[in-house]
Amino acid sequence: MSHDKAQTGDLIDRYVYQVVRRLPQSQRADIEAELRGLIDDMLSARGGGKREDVIAVLRELGRPAELASRYSGSRRSLIGPEYYDTYLLVLKIVLAATGFGMAVAQAIGFIAEAPDSIFVAVARFFAAIFSAMVQAFAWVTIVFALIERWSGGSFLKDMEWNPDDLPPVPEKNTAIPRGEPIAGIVFIVLLLVLINAAPQLFGAYILEDGSLRMVPAFDPGVFYRQLPLVDVMICVGLVKEALRLVVGRYTLPLSLAITALNIVTTVMFILLFGPASGVWNPHFMTQIGTEWSLSETAAQLWRLVPIVLTGLVIFGNVVDSVQAIIRGARCRKA
């Protein structure tokens, strides 16, 4: 009897968790208490708390995403309730990071090359930011719409929902704090914006005769030729962080997906930025050496930069993959 009670309690916990995790942090405690009280009342009305009663009550309440949607009181049509909250969160993050990144890029551009007039500068500044944010909005919406279709979300309401399919409440060592993927998304979006809108940021600035001279860290010809592939590599990292945010806990499938994406990122980084890529400016130290009095030793150290960066990327991705797999395996055993 106690075993059945523990099972029904676990089922209720899993359902409540899936509902409240989709709600704003400030509302979660109140709505959790209200929802648990509602479930208790519905079970009392049925005259029992058997497993069949709990399943019937949860089915009557509906899918967790749909119930969370009703609690939040928002209408969701383009993106279904299963992904709407994550979509809205990612959209806010991407728009904020894109706007900030474009503002920085435009400011750097104005410093490097002064505009004809203040009116031209202001117009270009806001036009560039607006255009970038519109594109960011479009791409985020398209990606989540595709996820909705590929996952079969649009057909869920026509299928019978089984509370037994609810994932367990994640333990502390398998749950993914939302701050981690959010920070990753912000960093990756900023990098994507800056590397496309302000590639001159990646170099050294030297003051000559009252004006700044920029020495690029990359060979411009090779860099711009490889830029589309660089964008793909960065977006692979963005997908990885988005998956962490959407799933919310380490599972074995998520861990394997993270490992696969890390392998793709590592291979692409070696090809695009490794020692044999040819993307690095071989004359970087020579071009700035006359101004900064750099020795031949510094020029030799510059040749080690691609090797060191490649080693750091490999090490970081290996550690990330191993940690993900270990946590995913723990979740499977739980």
Side-chain angles (χ1 to χ4, degrees), residues 90 93-94 97-98 101-102 104-105 132 135-136 138-140 142-144 146-147 150 176 180-203 216-247 250-282 284 301-328:
V90 171
I93 296 168
V94 171
T98 300
M102 283 303 298
V104 172
Q135 292 184 51
W139 280 112
V140 172
I142 288 171
V143 168
F144 272 87
L146 291 174
I147 292 175
W150 288 342
I176 303 176
E180 292 182 6
I182 288 174
I185 290 172
V186 170
F187 173 78
I188 291 171
V189 171
L190 284 174
L191 177 62
L192 186 63
V193 171
L194 292 177
I195 208 166
N196 284 270
Q200 66 270 24
L201 182 65
F202 303 92
F218 303 121
D219 183 307
V222 178
F223 176 77
Y224 284 108
R225 189 167 61 248
Q226 295 183 170
L227 185 56
L229 291 177
V230 174
D231 289 341
V232 171
M233 181 189 70
I234 295 174
C235 288
V236 169
L238 190 60
V239 169
K240 182 178 72 173
E241 297 303 326
L243 284 174
R244 280 191 169 111
L245 185 61
V246 169
V247 177
Y250 283 102
T251 63
L252 196 56
L254 175 64
S255 301
L256 295 176
I258 289 174
T259 302
L261 293 174
N262 281 337
I263 292 173
V264 171
T265 303
T266 302
V267 172
M268 293 190 72
F269 187 90
I270 293 172
L271 294 176
L272 295 173
F273 294 99
S277 64
V279 73
W280 299 93
N281 181 4
F284 181 74
L301 290 175
W302 173 250
R303 299 187 191 102
L304 294 177
V305 168
I307 300 174
V308 173
L309 287 179
T310 301
L312 290 174
V313 168
I314 293 173
F315 176 77
N317 283 339
V318 167
V319 170
D320 184 42
S321 299
V322 170
Q323 288 181 342
I325 290 175
I326 291 174
R327 292 178 179 179

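Remember, it's a predicted structure, so these values are computed and weren't measured experimentally.
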field: Nearest-0.5 Å distance that lies between atom CD1 in I258 and atom CG in N317
entry: 11.0 Å

task: Working to the nearest 0.5 Å, report the span between CD1 of I314 and CG of N262.
output: 12.0 Å

- prompt: Is there a donor-acceptor pair under 3.5 Å between the side chain of W302 and the backbone N or O of N281?
  reply: yes

- line: Exactly one of L261, L191, I188 clears side-chain contact (heavy atoms from CB on, under 4.5 Å) with L238, and that residue is I188

field: I234 and its side-chain contact (heavy atoms from CB on, under 4.5 Å) partner, picked from V236, V232, V230
entry: V230

How close do [X] and [Y] get, counting heavy atoms only, and between which atoms?
X	Y	value
T98	A136	OG1-CB, 3.8 Å
L192	C235	CD2-SG, 4.2 Å
M233	F273	CE-CE1, 3.9 Å
F202	I195	CE1-CA, 3.8 Å
S255	Y250	OG-CD2, 4.2 Å
S277	Q226	O-OE1, 3.9 Å

field: Student check: side-chain heavy atoms of V318 and T266 closer than 4.5 Å
entry: no

With a 3.5 Å cut-off and sequence neighbours excluded, list the donor-acceptor pairs that the side chains of residues 305-312 form with protein atoms.
residue : atom : partner : partner atom : Å
T310    : OG1  : P306    : O            : 2.7

message: Show me the pairs that pass ring-ring contact (aromatic ring centres under 6.0 Å, His included) and involve residues 221-243, at least two apart or across chains.
response: F218-F223

Under the side-chain contact (heavy atoms from CB on, under 4.5 Å) rule, collect the residues that match up with [X], sequence neighbours excluded.
X	result
D219	V222
A257	L243
L245	T86, L89, V90, R178, P181, I182, I185

message: Going by salt bridge (charged side-chain N to carboxylate O under 4.0 Å, His left out), name the pairs with one or both residues in residues 227-243, residues two or more places apart or in two chains.
response: K240-D320, E241-R244

